Number of protein chains: 2
Amino acid sequence: MTFTKVLIAEDIDISNEGIASKLSALDIAQVEQSQSCDNALLKIKRALHDGEPFQLLISDLSFVSHTPEPKLTSGQELITEVKRIQPNIKTIAFSVWNKQQIIKELIEDIKADAYICKGLNGFKELTKAINALAKNETYICPIATASLQRKNVFELTEYEKQILQLTAKGFKQQDISDYFKSKNITPNSRRSIEDHLSKLRDNFNASTTPQLIYLAQSLELI
Amino acid sequence: MTFTKVLIAEDIDISNEGIASKLSALDIAQVEQSQSCDNALLKIKRALHDGEPFQLLISDLSFVSHTPEPKLTSGQELITEVKRIQPNIKTIAFSVWNKQQIIKELIEDIKADAYICKGLNGFKELTKAINALAKNETYICPIATASLQRKNVFELTEYEKQILQLTAKGFKQQDISDYFKSKNITPNSRRSIEDHLSKLRDNFNASTTPQLIYLAQSLELI
DNA sequence: CAATCCCTTGTGGAAATCCACGAAAGCAAA
DNA sequence: TTTGCTTTCGTGGATTTCCACAAGGGATTG
């Protein structure tokens, strides 16, 4: 199949325009543009309702909200919702991020059909992705693939992530212990929190807790 | 005057293309594109040497390096260098960032002629900037202006920034004291470091030092 | 000059964290 | 079940940080 009706969701007008202008080089009859998630979802719903659904959504991941209370605030949410109401639509996540966690989530959980990193050759990658999707395949750009294959030394359990997040929020060890107890999360003794923080410092090669928080945040793990 | 020869420095091809495609709507005869700082500088040097200098440089700020050892790694460096070798060239910084510190540095220190935030209306702003520059004026987009006017509660002295950075690097209070003494930075008693950290926690409304580091990093102050 | 303010620094004690040792509990393989 | 490994968690003591009080120094002002 070839795509004849495509929607671009990208808040930055210059980038949106760049994609559209490049897409016009391909054989796509109808390219629509949207600068917010909510608007994109609306367009998809309407097209579906009108019996002329979009076949492909190309979506950025991060959006600055320009309305008071946007329902959808990220490409992840948009793609999730779109897949829910129109499961057969193809989706391409098109982002500057090449963080393993983000890519993993989009491919494995959200079931996006392609992931491409904006970069030097974004358009070439976009073309490849479209071709792959037309053949019912999925596509992940080389940069993202490399990121996925790079063994993630710092994979955190949900429990560890919570400890780090709470620490970053100003919780003391005792506070975290109390919090875990109130939520029935185990282990929850003050002593165990201390132990886990110590292990985390070891793993991250951090000599102090402030440094641990700094490193975790640098790696965008919290 | 009107601009007839413009250079775009922007690593992401889609964005670069977006700018170029929009510029073609204006009356600019010659638009050249560059995806790296080094390449952009080269083009400017050559044009200058050939007696047909660029009149305007539109540059992004952040570049991913795709060569082993790029000489210039950021738009800030590029603009600085370009202004040095061709002082009469006009420069527009075109970035997603609207951090006060970045904007301030570009306008006040680097003497960029315009600062625009990529966003919903990037092209409109770009047009305004070009018009202003043509009249020998400077231009700062509304978002950036707002950012500049927003009183920066968290303006840090160099001294404070160093304390935060060293803390983030795993230095204990005593370590920082020793370090400052070795560098002849005063005040440098352990007690003063403690005092400043305490003041910083107050200012940032942080209850612990890890939280302070988290907040400072979130605000991109360290 | 005295009065005042701000910053640095010291002191001492409280609080929090760090760290080593070890007991108990949980778990998996033999 | 036994064995062995890991995790949890208590204890106690060292280290570090936090906090309140106050002395001294330098700059400013009346």
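Protein chains get the first letters and strands the later ones, always in sequence-line order, with residue 1 at the start of each. Atoms considered below: every heavy atom in the structure, side chains included; atoms not considered: hydrogens, waters and symmetry mates. Bear in mind the structure is a predicted one, so any value in this text is a computation, not a measurement.
Following rounding to the nearest Å, A:Gln174 (CD) and C:dA16 (C1') show an atom-to-atom distance of 11 Å. Summarising the geometry, the separation between CZ on B:Arg191 and C1' on D:dG24 is reported as 14 Å, rounded to the nearest angstrom. One can place CG of B:Leu200 at 13 Å from P of C:dC7, the figure rounded to the nearest angstrom. Rounded to whole Å, atom C1' of C:dT9 lies 11 Å from atom NZ of B:Lys181. Separating the CD1 atom of B:Ile193 from the P atom of C:dG10 is a distance of 12 Å, rounded to the nearest angstrom. Atom pair A:Lys172:NZ and C:dC18:C1' shows a separation of 15 Å (rounding to whole Å applied). Rounded to an integer number of Å, the gap from CD1 of A:Ile163 to P of C:dT17 is 13 Å. Here D:dC9 presents its P atom at 12 Å from NZ of A:Lys199, a figure rounded to the nearest Å.
Ranking D:dC19, D:dT17, C:dC19 by closeness to the A:Arg201 side chain, first place goes to C:dC19. With distances taken from any side-chain atom of B:Gln173 to the nucleotides D:dT17, C:dC18, D:dC9, the minimum falls on D:dT17. Minimum atom distance to the side chain of A:Glu194 is reached by C:dC18, of the listed C:dC18, D:dT8, D:dC18.
Side-chain nitrogen and oxygen atoms of A:Thr209 include none within less than 4.0 Å of the OP1 or OP2 phosphate oxygen of D:dT16. When the side-chain nitrogen and oxygen atoms of B:Arg190 are compared with OP1 and OP2 of D:dT15, none of them lie within a distance under 4.0 Å.
Residue B:Asp175 is classed as having no contact, given no heavy-atom separation below 4.0 Å to the nucleic acid. If you check every strand for non-hydrogen atoms under 4.0 Å, B:Thr186 touches nothing.
A centroid separation of less than 6.0 Å is found between the aromatic rings of A:Phe180 and A:Tyr159.
Of the candidates B:Asp11, B:Leu72, B:Thr73, B:Cys37 forms a side-chain contact (heavy atoms from CB on, under 4.5 Å) with just one, namely B:Leu72. When A:Asn121, A:Asn131, A:Ile19 are each tested for a side-chain contact (heavy atoms from CB on, under 4.5 Å) with A:Leu126, only one passes: A:Ile19.
Between A:Phe171 and B:Tyr159, the one whose closest nucleotide on DNA chain C sits nearer the 5' end is B:Tyr159. The residue among B:Ser198 and A:His196 whose nearest nucleotide of DNA chain D lies closer to the 5′ end is A:His196. Residue whose closest nucleotide on DNA chain C sits further toward the 5' end, between A:Leu197 and B:Ser192: B:Ser192.
Of the N and O atoms on the side chains of B:Ser207 and B:Gln211, at least one donor lies less than 3.5 Å from an acceptor on the other residue. In the model, A:Asn39 has no side-chain atom that pairs as donor or acceptor with a side-chain atom of A:Gln35 under 3.5 Å.
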